[in-house]
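Report on the following structure.
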Amino acid sequence: MELPAIVGWAAAALVVVGWLVISFSEPGRKREIAEWASASALYLSLLMLFTWLLRKAIATESTAGMIGFGFLSVLFGMGLCVSLYHAARSGRGADKSRSSATN
C-alpha cells in the first residue's frame, strides 16, 4: 500500500471516531477542539485521495486529470491549512469568538 493510501485511510478512521465523539459530547471547548481536529482529518483524507488521483493522472499523461485533480489537491490542501490553524487556535484557547467547524 502506498503512503497516500495509508494516510488517507487513517485520516478517514479519525473522521469516524471524531464524528462519534462530537455526536455524544456536550458543547464546550473540548468538543470544539474535536470538531476542528475532525475537520482537519476530513481535509487530509480528501487531500490524499486527490493526490493519489493526481499521481495516477500524471502516470497516464492525462492532461484533464492533471488539471482537475491538481486543482482539487491545491483546494483541499489550503482547506487543511485553514482547518489546522483553527484547530491550533482552539487548542490554545486563543479563539474567543467560539467559531465551530460544524456550523
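Since we're looking at a predicted model, the values are computed, not measured.
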In one Ile/Leu/Val/Met/Phe/Trp/Tyr side-chain cluster, 4.5 Å: I33, F24: no
Hphob cluster co-occupancy, L80 + V74, side-chain heavy atoms under 4.5 angstrom: no
Side-chain donor or acceptor of S45 paired with backbone N/O of L42 under 3.5 Å: yes
Pairs involving residues 62-77, ordered by first then second residue, that meet salt bridge (Lys or Arg N to Asp or Glu O under 4.0 Å) (sequence neighbours left out): none
E32 versus S90, closest heavy-atom pair with distance: OE2-OG, 3.0 Å
Counterpart residues, ring pair (Phe, Tyr, Trp, His ring centres under 6.0 Å), relative to F50 (two or more places apart): F76
Joint hydrophobic cluster, L84 plus W36, side-chain heavy atoms closer than 4.5 Å: no
Within residues 1-22 or reaching into it, pairs that qualify as salt bridge (Lys or Arg N to Asp or Glu O under 4.0 Å) - sequence neighbours excluded: E2-R55
Atom pair CE (M48) and CG (L46), whose distance is rounded to the nearest 0.5 Å: 10.5 Å
S40: partners by side-chain hydrogen bond (donor to acceptor under 3.5 Å, both in side chains), with sequence neighbours left out: S83
Transitive ILVMFWY side-chain link F71 to L49, under 4.5 Å: yes
Can you list, pair by pair, the side-chain donor-acceptor contacts under 3.5 Å of residues 6-23, counting residues two or more places apart and other chains?
unit_1 : atom_1 : unit_2 : atom_2 : d
S23    : OG     : W19    : O      : 2.7

Shared hydrophobic cluster, L75 / L47 (ILVMFWY, side-chain heavy atoms < 4.5 Å): yes
R31 side chain vs E26 backbone, donor-acceptor pair below 3.5 Å: no
Residues in side chain to side chain contact (heavy atoms under 4.5 Å, CB included) contact with I67, at least two apart in sequence or another chain: T63
Sidechain-backbone polar pair: S62 side chain, I58 backbone, donor-acceptor under 3.5 Å: no
Interatomic spacing from CD in E35 to NE2 in H86 - rounded to 0.5 Å: 12.5 Å
Under 3.5 Å: donor-acceptor pair, side chain of R92, backbone of A87: no
